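Just so we're clear, the structure is a prediction, and the values are computed from it rather than from any experiment. Excluded from the calculations below are hydrogen atoms, water molecules and symmetry mates; all remaining heavy atoms, backbone and side chain alike, are included. Order of the sequence lines sets the chain letters (A, B, ...), proteins ahead of strands, with each chain counted from 1.
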Protein chains: 4
Amino acid sequence: MKKNKPKFKQIIDAAVEVIAENGYHSSQVSKIAKKAGVADGTIYLYFKNKEDILVSLFQEKMGQFIEKIEQETTSKQSAEQKLLTLIQTHFEQLAADHHLAIVTQLELRQSNKELRQKINNVLKRYLNVIDQIVEEGVEEELFRDGLDRRLVRQMIFGMMDETVTNWVMKEQRYNIVDQAKEVHSLIIHGLARTDQ
Amino acid sequence: MKKNKPKFKQIIDAAVEVIAENGYHSSQVSKIAKKAGVADGTIYLYFKNKEDILVSLFQEKMGQFIEKIEQETTSKQSAEQKLLTLIQTHFEQLAADHHLAIVTQLELRQSNKELRQKINNVLKRYLNVIDQIVEEGVEEELFRDGLDRRLVRQMIFGMMDETVTNWVMKEQRYNIVDQAKEVHSLIIHGLARTDQ
Amino acid sequence: MKKNKPKFKQIIDAAVEVIAENGYHSSQVSKIAKKAGVADGTIYLYFKNKEDILVSLFQEKMGQFIEKIEQETTSKQSAEQKLLTLIQTHFEQLAADHHLAIVTQLELRQSNKELRQKINNVLKRYLNVIDQIVEEGVEEELFRDGLDRRLVRQMIFGMMDETVTNWVMKEQRYNIVDQAKEVHSLIIHGLARTDQ
Amino acid sequence: MKKNKPKFKQIIDAAVEVIAENGYHSSQVSKIAKKAGVADGTIYLYFKNKEDILVSLFQEKMGQFIEKIEQETTSKQSAEQKLLTLIQTHFEQLAADHHLAIVTQLELRQSNKELRQKINNVLKRYLNVIDQIVEEGVEEELFRDGLDRRLVRQMIFGMMDETVTNWVMKEQRYNIVDQAKEVHSLIIHGLARTDQ
DNA sequence: AATGAATGAGTGTTCATTCAT
DNA sequence: TATGAATGAACACTCATTCAT
């Protein structure tokens with residue numbers, strides 16, 4: 001697998017387009033090959049099998065995605081700021097690539113358990129970034145002590161994910177970045193009146 | 001479709017088992033028929049096609065699921081209590097039916113856009129229950145005013161869903177009901193120290 | 001098989017209608033039963049199997065068809081008159097029952113070799129009527145001597161059949177009885193100028 | 001559809017054999033593929049679907065059939081000679097290919113209305129050849145004037161077709177070419193004594 | 001005689017993957 | 001490296017027929 005060869009990226013980009021446009025189940029290998037401008041057989045010089053295209057797609061795209069988030073957040077001072085930046089950058093990146101948003105939020109979830117297991121492995125790096133911010137927040141005494149780390153992480157990720165999925169399902173008809181602050185506020189303060 | 005005929009339920013229960021054990025894509029109609037103890041053709045006396053088994057399964061099981069939650073929550077006094085009860089009942093019911101938990105959290109999500117659309121329609125009733133509790137909370141001045149209802153609903157549902165999915169993916173090795181209180185607390189208070 | 005019971009005819013009439021309206025391949029036993037106002041299983045009290053419905057249909061309808069032709073022709077004096085009457089009565093009867101025309105000319109020909117063999121047996125009685133008229137014509141010295149009887153029969157039947165089929169395929173948009181005289185003339189005189 | 005590739009013809013020839021031997025309804029795609037020595041899937045590289053095999057078969061075989069008839073007839077001088085040649089060539093070609101005779105006279109007629117419509121389109125070219133001969137005959141004053149062209153065409157085609165079908169149903173136990181002259185004579189002169 | 005729920009055999013078509021060139 | 005023709009396993013669905021009532 002020669003990941004730095006241009007065809008590798010060519011095929012992955014074709015896969016994102018094809019899946020976004022046709023849906024997961026109508027995205028045959030031959031369709032991806034055609035869009036990438038290579039022969040069907042060539043795909044198998046760069047990927048083990050069809051599933052490997054999808055896993056690689058996710059690794060490649062999520063790698064860039066997470067790197068960007070890491071860059072943006074490290075410069076911020078407080079955990080609260082970092083969390084807001086994380087949410088904003090998360091939303092911004094998906095808003096900037098409509099095809100990718102469809103693929104990650106809707107289409108890739110139709111894959112089987114095995115593939116989703118592998119996708120989850122890629123996500124771990126992202127979850128670690130979240131974990132660290134939470135850790136910092138607790139250390140800085142911004143966040144409550146005694147928080148269940150796994151639940152906190154689920155809360156943050158689950159809410160961002162649910163928000164993006166809803167936006168994609170509404171066909172991206174509003175600006176999701178506008179919701180970042182409110183989502184951040186809900187995560188930080190919850191539903192309760194803060195003056196109580 | 002004769003939904004009160006025993007075979008209708010027989011087949012649905014078989015489908016839950018077969019899908020939980022074999023995964024969505026390895027759950028052939030013939031396998032479901034065999035488990036249900038009927039002939040392949042009998043399936044089609046009760047369901048339009050394979051997809052209709054899944055939609056009916058979700059309607060049938062989620063109908064009971066939501067009814068139970070409606071029952072449990074109405075008796076509670078405050079919105080806060082209702083929310084806790086909702087989370088607990090949600091967790092309890094899935095903890096009580098391991099197969100169903102696998103099917104709803106993992107396998108049914110592999111379905112195509114069309115099927116997921118139908119599943120979402122069934123879910124609407126549940127989301128309405130959540131909406132009402134939030135509404136009550138705001139009226140009772142337990143919750144903040146000016147909350148974005150859609151985001152709040154996403155927060156509550158997203159966090160429960162994420163929590164259950166994580167539990168299922170960890171092969172249900174811990175007691176998820178134990179997490180209900182903490183999830184509730186996170187939703188109500190968020191991450192921030194409440195004394196600030 | 002109780003052929004004088006009213007249900008026997010009921011089912012046959014239903015079959016003619018269903019086949020004419022839906023085509024041979026979309027005429028399921030259950031559809032015929034429904035149109036006849038009986039249960040699916042009842043069909044099998046009157047007919048051995050599906051094929052037997054079709055054979056019986058043909059026997060029943062062709063029996064009447066041929067009887068009528070026998071009646072009309074015997075009263076005529078010359079073979080030439082008899083032949084004209086045969087052609088006219090053939091066309092008249094099919095023109096009078098549109099459904100039957102569709103079934104005999106188009107739909108029943110889609111049946112398999114076996115069924116068509118049985119249908120041909122029913123037709124033999126009709127071919128005998130034609131044979132006799134030819135025989136008479138030769139005896140009366142109206143027709144040429146030395147005619148190959150089988151070919152003559154094929155000529156007469158083939159031309160009537162082809163004419164009716166064409167009329168059915170043109171959706172019966174013209175009056176086929178008007179063509180009887182011309183068909184008769186072609187059979188009697190052929191294409192050649194008679195003055196030569 | 002690559003009609004000049006050898007496999008295209010290979011599959012068509014296999015289809016003729018399989019259909020002639022097993023009958024239309026027992027001719028599964030897999031059986032045709034096996035006889036052609038290709039994989040089931042290969043069929044679909046050359047044909048849209050099963051029906052397309054049959055339509056292509058008819059086009060391919062009838063194309064050659066009609067071409068041969070066109071060649072043979074054009075060299076003849078009179079319309080009468082041309083008609084005789086047409087009948088002879090028609091019979092000769094089917095006599096030379098027993099399998100094809102069975103397929104065209106019996107098996108292909110079991111197809112549905114749609115398919116028969118397509119088959120009729122192919123036949124139109126043949127009917128045009130007949131029309132032209134009749135036209136010439138009238139111009140040459142060999143044939144009567146005032147003939148109903150459609151009926152004449154039906155007469156000629158219907159009689160040849162009926163003759164071939166009878167021969168096929170009698171399991172081709174006699175030499176059909178021997179009947180060409182008599183059929184020709186019947187069409188030209190009809191049944192009547194010519195001296196009257 | 002009549003019912004109609006239940007049966008289960010039977011098949012066209014797709015598409016990920018291979019391999020000779 | 002690259003090709004693309006060929007492969008063949010896999011599966012949802014229909015419908016004629018049966019049989020317990």
Next item on the list: On the 0 to 90° scale, with breaks at 30° and 60°, tag the A:Tyr126-A:Phe65 ring pair as parallel, tilted or perpendicular.
Entry: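 Plane angle over 60°, so perpendicular.
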[X] [atom1] to [N] [atom2]: how many Å, rounded?
X       : N      : atom1 : atom2 : value
A:Tyr24 : E:dC15 : OH    : P     : 13 Å
C:Ile32 : F:dA16 : CD1   : P     : 8 Å
C:Ile43 : F:dC15 : CD1   : C1'   : 13 Å
D:Glu51 : E:dT11 : CD    : C1'   : 16 Å
B:Gln28 : F:dA10 : CD    : C1'   : 8 Å
B:Asp52 : F:dA12 : CG    : P     : 14 Å
A:Lys31 : E:dA16 : NZ    : P     : 10 Å
D:His25 : F:dA16 : NE2   : C1'   : 14 Å

Is [X] salt-bridged to [Y], going by a charged N under 4.0 Å from an acidic O?
X        : Y        : result
C:Arg109 : C:Asp161 : yes
B:Asp52  : B:Lys118 : no
A:Lys61  : A:Asp13  : yes

Please determine, for the side chain of [X], which listed nucleotide ([options]) has the closest atom?
X       : options                : result
C:Asp40 : E:dA9, E:dG4, E:dT17   : E:dG4
D:Tyr44 : E:dT18, F:dT17, E:dT13 : E:dT13
D:Lys50 : F:dG4, F:dC13, E:dG12  : E:dG12
C:Thr42 : F:dG8, E:dA6, E:dT3    : E:dT3

Margin query: Less than 4.5 Å apart, side chain to side chain, heavy atoms only: is that true for D:Glu21 and D:Lys35?
Written below: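 Sidechains of D:Lys35 and D:Glu21: in contact.
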Margin query: Taking any heavy-atom pair under 4.0 Å as a contact, classify C:Lys7: base, sugar-phosphate, or nothing.
Written below: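 The answer is sugar-phosphate, as C:Lys7 gets under 4.0 Å only of primed atoms, P, OP1 or OP2.
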Item checked: Closest heavy-atom pair and its distance - B:Thr104, B:Leu94 ->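 Where B:Thr104 meets B:Leu94 most closely, the heavy atoms are OG1-CD2, 4.0 Å.
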Note to self: For DNA chain E, report each stem as range with range, ordered by first number, or say none. Use Watson-Crick or G-U wobble pairs under 3.5 Å, at least 3 in a row.
What the structure shows: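 When the pairs of DNA chain E are grouped into runs of at least three, the stems are E:2-21 with F:2-21.
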Notebook entry, point to check: On DNA chain F, nearest-nucleotide positions of A:Val38 versus B:Gly41: which is more 5'?
Noted result: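 Its nucleotide being nearer the 5' end, the pick is A:Val38.
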Check: Toward the 5' end of DNA chain E, which comes first, D:Ser26 or C:Gly37, by nearest nucleotide?
Finding: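 Nearer the 5' end of the strand: C:Gly37.
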Item checked: Nearest-0.5 Å distance that lies between atom CD1 in B:Ile19 and atom NE2 in B:His25 ->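 One gets 11.0 Å once the value is rounded to the nearest 0.5 Å.
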Margin query: Strictly below 4.0 Å: does B:Tyr46 bring a side-chain N or O up to OP1 or OP2 of E:dA5?
Written below: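 Indeed not, no polar side-chain atom of B:Tyr46 lies that close.
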